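One structure is given below, encoded as structure tokens.
For clarity, every value in this text was computed on a predicted model and none was experimentally measured. Proteins come first, then strands; the chains are lettered A, B, ... in the order of their sequence lines, and each starts at number 1.
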Number of protein chains: 2
Amino acid sequence: MINFKRSVNCGGCSECNNKSPLFNSLSSEELEIINKDRFEVTYKSGEMIFKQGTASTHILMLTSGLVKIYLEGYNSKNLLLKVIKPPRIFGALGIYFDNRNYYTATALENSTVCFVSVDNFKQCVRSNPDFAEKFIEHLNRNSVYAFGRFVDLTQKQMPGRVADALLYLANDVYESNPFKITISRQDLAEMTSLSKESFIRILKEFKEENIIKMNGDFIEISKMDALKKISQVG
Amino acid sequence: MINFKRSVNCGGCSECNNKSPLFNSLSSEELEIINKDRFEVTYKSGEMIFKQGTASTHILMLTSGLVKIYLEGYNSKNLLLKVIKPPRIFGALGIYFDNRNYYTATALENSTVCFVSVDNFKQCVRSNPDFAEKFIEHLNRNSVYAFGRFVDLTQKQMPGRVADALLYLANDVYESNPFKITISRQDLAEMTSLSKESFIRILKEFKEENIIKMNGDFIEISKMDALKKISQVG
DNA sequence: TGTTAGTATTGATCTATGTCAACCAAAATT
DNA sequence: AATTTTGGTTGACATAGATCAATACTAACA
């Protein structure tokens, strides 16, 4: 029996040492509620986890791997909002009004996701004000982040946006420099709202100016200050 | 004594018939908590209510007038997020982490705003799960709206964005057609992420194609279907 | 009532960025 | 090993949209 187990790698939420800090405010009884109908699914790199427009049936927890969150726009153009890494909750945007997904989530690497019942989650929000506050904080931080991206994409021009993407990968996604890239040029283009060709052209310029080094799948930011300056200037 | 009154136009939140539906789930005791330290301020058209980056000391309720909410970006370029009309809560984004304002709010017309204590507001969120849920719904709807704008601004080109702005004014802001415009071309440009000149040029094209009529401050959408089509095509 | 200041409009020009098409490299498949 | 497929790269070209500068309008004001 493969992939039908209630949970493969863990002894339940109470013992989980890889859960989102959001859950720290829950008592062990409440964690048991979260754990009750929970199940785990593994995704291969490239597989879609849920699609924009479909019913949002569960709250999702990324426990391993890497996932891209993106908006499907017009003419099959996407807008990559963010790349999330574990531990991280996602997919909760529609659960308090129409239970729909407002973005698409796709695995960028092999990933494991816990599915938590929306009702059980909501029950904890209702019973535990600390948890509710943490959840609201999480939502608001997401909004603030989105606002920042909003301004960056509408006001910076190409070099600034590409610099932002590189800094984001090094500082937030892979948390290392150099880093091995597991995300396609197309994804990077969608992250910066550029055409793939334009993104590549700027990358080439950075390389020629020795701001970055590239060999194969590895990218190293060699002049961090220069890149930060480009990001700021726009 | 002018403008130091605790409240000018009302007999407290319990009796307020102009409060955001968000507050419908509050008991009269809880409304009294909201009402406790509340005060009212009137703004003249053009006056700033709060500025991005400053301390977010209160939750605000727009009770009359019209207010623009915008992000201050780079090189003093703004991004107008939305125009809000009463009854409407605003200014609550930072209250669960750093108590800062993440956008600027400025009166577009003479406006009245109720200032509610953050602590009292939070107390109600903690004590009343229905209220907490409504508040979360409000926040998430805001996010979904922002996502839509995000895609529109990054993927549509000029005519689509101008069409969106006109439809927004007619359907959501003034809720009438024709409507008298109380918002500058600069604001409209910032709403569509265009230069003022480009916005005006497209407006002129719409006029020449008889899609809209303009005289003075009045705009009428005469070919609604055509405008909607332009909005969809992008 | 003339003047000033702010906002709206128009035209001319420039440039950032997208599109299209060709080519290459690596990986997957036969 | 040969071949198809997929994703990355480069160059040539087209264009959406910004910028700059001049002009027109409107409203406040002396």
Side-chain angles (χ1 to χ4, degrees), chain A residues 44-47 68 73-80 106 108-109 152-166 180-208 212-219 230 233-234, chain B residues 44-46 68 73-80 106 108 152-166 180-208 212-219 230 233-234:
Chain A
K44 283 207 270 290
S45 175
E47 287 181 342
K68 64 171 169 176
Y74 305 98
N75 304 117
S76 29
K77 258 188 201 156
N78 300 324
L79 176 55
L80 202 160
T106 295
L108 287 172
E109 302 174 1
D152 288 344
L153 292 194
T154 54
Q155 300 192 352
K156 286 183 181 177
Q157 45 197 46
M158 298 201 288
R161 313 224 291 266
V162 172
D164 284 343
L166 292 171
K180 178 170 181 285
I181 207 155
T182 58
I183 175 174
S184 70
R185 300 300 146 113
Q186 184 60 45
D187 285 333
L188 292 169
E190 288 173 3
M191 184 166 158
T192 47
S193 195
L194 290 173
S195 69
K196 188 175 51 164
E197 293 93 329
S198 293
F199 188 95
I200 289 169
R201 249 182 278 275
I202 303 295
L203 217 51
K204 191 187 168 194
E205 279 178 37
F206 286 175
K207 194 180 172 183
E208 282 164 355
I212 61 167
K213 293 198 186 91
M214 284 200 292
N215 34 4
D217 290 343
F218 284 87
I219 293 182
I230 292 168
V233 172
Chain B
K44 283 207 269 291
S45 176
K68 65 172 170 176
Y74 304 99
N75 303 117
S76 30
K77 258 188 201 156
N78 300 325
L79 176 54
L80 202 160
T106 295
L108 287 171
D152 288 344
L153 292 194
T154 54
Q155 300 192 351
K156 286 183 182 177
Q157 44 197 43
M158 298 200 287
R161 312 224 291 266
V162 173
D164 284 344
L166 291 171
K180 179 170 181 285
I181 207 155
T182 58
I183 174 175
S184 70
R185 300 298 146 115
Q186 185 60 46
D187 285 333
L188 292 169
E190 287 173 4
M191 183 167 158
T192 48
S193 194
L194 289 174
S195 69
K196 188 176 50 166
E197 293 93 330
S198 292
F199 188 95
I200 288 169
R201 250 180 276 275
I202 303 294
L203 217 51
K204 191 188 170 192
E205 278 179 37
F206 286 175
K207 194 181 175 183
E208 282 164 356
I212 61 167
K213 292 197 188 89
M214 283 199 292
N215 34 3
D217 289 343
F218 284 87
I219 294 184
I230 292 168
V233 172

Item to check | Nucleotide C:dT7, atom P - distance to CG of B:L188 in whole Å | outcome: 14 Å
Checklist outcome for this item: To the nearest 0.5 Å, atom CD of B:Q186 lies from atom NZ of B:K196 at 5.5 Å
Checklist entry - Measuring from A:K68:NZ to A:N78:CG, what's the distance to the nearest 0.5 Å? => result 7.0 Å
Checklist entry - For the atom pair OG1 (B:T154) and CG (A:L153), what is the distance rounded to the nearest 0.5 Å? => result 6.5 Å
Next on the checklist: Nearest whole Å is fine: how far is D:dG7 C1' from A:I183 CD1?
Outcome noted: 14 Å
Checklist entry - Can you check the A:I200 CD1 to D:dG7 C1' distance for me, whole Å? => result 9 Å
Next on the checklist: Ignoring hydrogens, what is the shortest heavy-atom contact between A:L108 and A:S45? Give both atom names and the distance.
Outcome noted: O-OG, 2.9 Å
Next on the checklist: Taking only side-chain N and O atoms of B:K207, does any of them lie within less than 4.0 angstrom of OP1 or OP2 on C:dT9?
Outcome noted: no
Checklist outcome for this item: For nucleotides 14-27 of chain D, 5' to 3', base contacts (B), sugar-phosphate-only contacts (S) and non-contacts (-) with protein non-hydrogen atoms under 4.0 Å give --SSBBB-------
Next on the checklist: What is the separation between atom CD1 on B:I219 and atom P on C:dA8, rounded to the nearest whole Å?
Outcome noted: 11 Å
Checklist entry - Rounded to the nearest Å, what distance is computed from the CD atom of residue A:Q155 to the C1' atom of nucleotide C:dA16? => result 16 Å
Checklist entry - Taking CE from A:M214 and C1' from D:dG8, how many angstroms apart are they, rounded to a whole number? => result 10 Å
Checklist entry - Say you draw a straight line from CG of A:L188 to CD1 of A:I202; how long is it, rounded to the nearest 0.5 Å? => result 13.5 Å
Checklist outcome for this item: Atom CD of B:Q186 and atom C1' of C:dT9 are separated, to the nearest Å, by 14 Å
Checklist entry - When rounded to the nearest 0.5 angstrom, what is the spacing between NZ in A:K156 and OH in B:Y74? => result 3.5 Å
Checklist entry - Can you check the A:L153 CG to C:dT17 C1' distance for me, whole Å? => result 14 Å
